[in-house]
2 protein chains.
Amino acid sequence: MEKQYTMSKNQKIIFDLIDKSSEPMKAYSILFNVQKKGIKAPLQVYRALDKLVEIGKIHKIESRNAFIACQNSSCQISKATAFSICESCENVSEISNSKLSKYLSNFADESGMKYSKYNLEFFGLCKKCKSK
Amino acid sequence: MEKQYTMSKNQKIIFDLIDKSSEPMKAYSILFNVQKKGIKAPLQVYRALDKLVEIGKIHKIESRNAFIACQNSSCQISKATAFSICESCENVSEISNSKLSKYLSNFADESGMKYSKYNLEFFGLCKKCKSK
DNA sequence: TAACAGTATGTAATAATATAACATTTATAA
DNA sequence: TTATAAATGTTATATTATTACATACTGTTA
């Protein structure tokens, strides 16, 4: 059995908020939403976010400076992330495709670099927006 | 023959700076460096950067908020970018691997989403840093 | 050439995102 | 229990990016 990480108070508050959200959340929007729970300063939010990213409970969508909860129950793939982003409605969803992750995890080129992590963001139009 | 885009004065100044740089440059560092050429305000920099990204002369490294010149002479691949980033020395290089780009350009999953663009960032240790 | 459209520029102000520095408290484990 | 790591609280500030508005340049076409 693996040891289960126990989230701290602030981490839990912030994770729950992001997890409930149907869309990626930005740091200051998170701050606004948790002020009634006693989290008053940006740094408190950023510290929790950093930790949550580190343990794989959330991911940062780099192109949007926003955070979403990991969709994989096991959260083992925080080092191998892929997202699809609709450029019209800004809907973001995590891609879990084992072929893709296998392909990328094993990717190596002539650079001699050892990759320990990757992040992939696809952009396009989602089904809904495409048919408009 | 395709029509060749002609960069404007500010675009040229900023592109030349980024192109000469051995590492990704951040917007305010660019600003600092071009002030002697008469570009005084952040917005002037951001506007040029936006355009240069749009025409594929430079790419934004999303995880670093920094910009590098496109390494592909033709600059046709601004919609399909991949980078390797050393987490120790922060060296960044563009990956041009036709198998990879073919694989990703053709990637499709069950979401029904039509992807028109992607950005991939690999992280790890470069050869030099690995051997330290 | 005049009128127009599109693109680029200049400038000031401000919004949005993120971190530094320092003091204190809580949790974990030796 | 004592030490160590992790988390918290607070203030200030740094960094990244955009809004709003006025002006000028470039190329096209009537």
### Whole-Å gap separating P (D/dA24) and NZ (B/Lys9)
14 Å
### Task
May I have the distance from A/Leu49 (atom CG) to D/dA7 (atom P), rounded to whole angstrom?
13 Å
### Query
Do A/Cys86 and B/Met113 have side-chain heavy atoms sitting under 4.5 Å apart?
yes
Atom pairs under 3.5 Å: protein N/O with N/O of nucleotides 17-20 of chain C:
from, atom 1, to, atom 2, distance (Å)
C/dT17, OP1, A/Lys26, NZ, 2.4
C/dA18, OP1, A/Lys60, NZ, 2.8
C/dA18, OP1, A/Asn65, OD1, 3.4
C/dA18, OP2, A/Tyr46, OH, 3.1
C/dA18, N7, A/Tyr28, OH, 2.8
C/dA18, N6, A/Tyr28, OH, 3.1

### Query
Between B/Ile55 (CD1) and C/dT7 (C1'), how many Å, whole number?
13 Å
### Query
Is the closest basic N to carboxylate O distance between B/Lys12 and B/Asp16 below 4.0 Å?
yes
### Message
Going by ring pair (Phe, Tyr, Trp, His ring centres under 6.0 Å), name the pairs with one or both residues in residues 81-114 of chain B, residues two or more places apart or in two chains.
### Response
A/Tyr103-B/Tyr103, A/Phe122-B/Phe107, B/His59-B/Phe83
#### Entry: Side-chain heavy-atom pair A/Ser29, A/Asn33 within 4.5 angstrom cut-off
yes
### Query
Could you state the CG-P distance from B/Leu31 to D/dA17, rounded to the nearest angstrom?
13 Å
### Carboxylate-amine/guanidinium contact A/Glu121 A/Arg64, below 4.0 Å
no
## Note on the structure
When rounded to whole Å, the CZ to C1' distance for the pair A/Arg47 and C/dC22 reads 11 Å
### Message
Roughly what angle, to 10°, lies between the helix axis at the start of the helix from C/dT1-D/dA30 to C/dA30-D/dT1 and the one at its end, five pairs per end?
### Response
40°
### Query
What integer distance in Å separates B/Lys12:NZ from D/dC25:P?
20 Å
### Query
Can you find a side chain N or O atom of A/Ser8 that sits less than 4.0 Å from OP1 or OP2 on D/dT8?
yes
### Query
In whole angstrom, what separates B/Asn10's CG from D/dC25's P?
13 Å
### Task
With the side chain counted from C-beta on, respond yes when A/Cys89 and A/Cys126 share a heavy-atom pair under 4.5 Å apart, and no when they do not.
yes
### Task
Grab the NZ-P distance between B/Lys51 and D/dC25 for me, whole Å please.
19 Å
### Message
Side chains of A/Lys37 and A/Asn10, heavy atoms from C-beta outward: is any pair under 4.5 Å?
### Response
no
### Query
Of the non-hydrogen atoms in A/Glu87 and B/Ser116, which two are nearest, and what is the gap between them?
OE1-OG, 3.9 Å
### Query
How about A/Glu54 and A/Tyr5: does a side-chain donor come under 3.5 Å of a side-chain acceptor?
no
### Candidate nucleotides C/dT9, D/dG9, D/dA7, ranked by approach to the side chain of A/Gln44 - the nearest
D/dG9
